[in-house]
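Some notes on the structure that comes next.
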Amino acid sequence: MRLGFWLTSVEEKKEIPIIDGMPELGTQTQIVWQDKFVSGVETPLIGLLLSISLVVFFYIRKQRMLG
């Protein structure tokens with residue numbers, strides 16, 4: 001879980017030498033995007049709210065049947 005919203009792609013940064021085999025002359029950053037789902041903070045919050053609402057619903061339903 002990460003603090004934020006859902007992601008559907010993730011970036012991967014790679015340092016690539018400008019001239020092959022000679023990284024001392026400088027490098028450039030290559031960004032490669034991967035299709036990947038990353039859950040955000042809203043997923044556990046939705047689950048928590050759904051669970052609490054179901055518990056309250058069934059508790060009220062049980063109380064009405066008993067009394």
Side-chain angles (χ1 to χ4, degrees):
M1 184 178 82
R2 65 180 205 81
L3 187 59
F5 295 109
W6 291 328
L7 292 177
T8 56
S9 59
V10 179
E11 71 178 23
E12 179 184 337
K13 295 181 181 179
K14 295 181 183 179
E15 292 292 326
I16 300 175
I18 295 175
I19 300 176
D20 289 336
M22 303 182 80
E24 63 273 3
L25 295 178
T27 59
Q28 59 187 5
T29 304
Q30 178 185 18
I31 299 175
V32 179
W33 290 93
Q34 297 176 344
D35 289 335
K36 182 191 256 186
F37 177 76
V38 179
S39 177
V41 71
E42 67 274 12
T43 303
L45 289 178
I46 291 169
L48 178 66
L49 291 175
L50 183 62
S51 299
I52 290 173
S53 61
L54 284 174
V55 167
V56 168
F57 172 75
F58 285 115
Y59 178 76
I60 291 172
R61 186 174 163 195
K62 183 179 177 183
Q63 290 298 323
R64 285 186 182 172
M65 291 181 129
L66 293 177

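Under the side chain to side chain contact (heavy atoms under 4.5 Å, CB included) criterion, Val56 pairs with Ile52, Ile60, sequence neighbours left out.
Rounding to the nearest 0.5 Å places CG of Leu50 at 9.0 Å from CD1 of Ile46. Between the CD atom of Glu11 and the OG1 atom of Thr29 there is a distance of 10.5 Å, given to the nearest 0.5 Å. Rounded to the nearest 0.5 Å, atoms OG1 (Thr8) and NZ (Lys36) are 12.5 Å apart.
Within the 4.5 Å cutoff, side-chain heavy atoms of Thr43 are placed close to those of Trp6.
Counted within 6.0 Å of OH on Tyr59, heavy atoms from surrounding residues, nucleotides or ligands total 12 or fewer; the atom is thus considered open.
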Review item, side-chain donor-acceptor pairs of residues 21-28, under 3.5 Å, at least two apart:
| unit_1 | atom_1 | unit_2 | atom_2 | d |
| --- | --- | --- | --- | --- |
| Thr27 | OG1 | Glu15 | OE1 | 3.0 |

TODO: Test Gln34 against Glu12 for side chain to side chain contact (heavy atoms under 4.5 Å, CB included), laying out the working first.
DONE: CA-CA 8 Å; Gln34 297 176 344; Glu12 179 184 337; 2.8 Å; yes
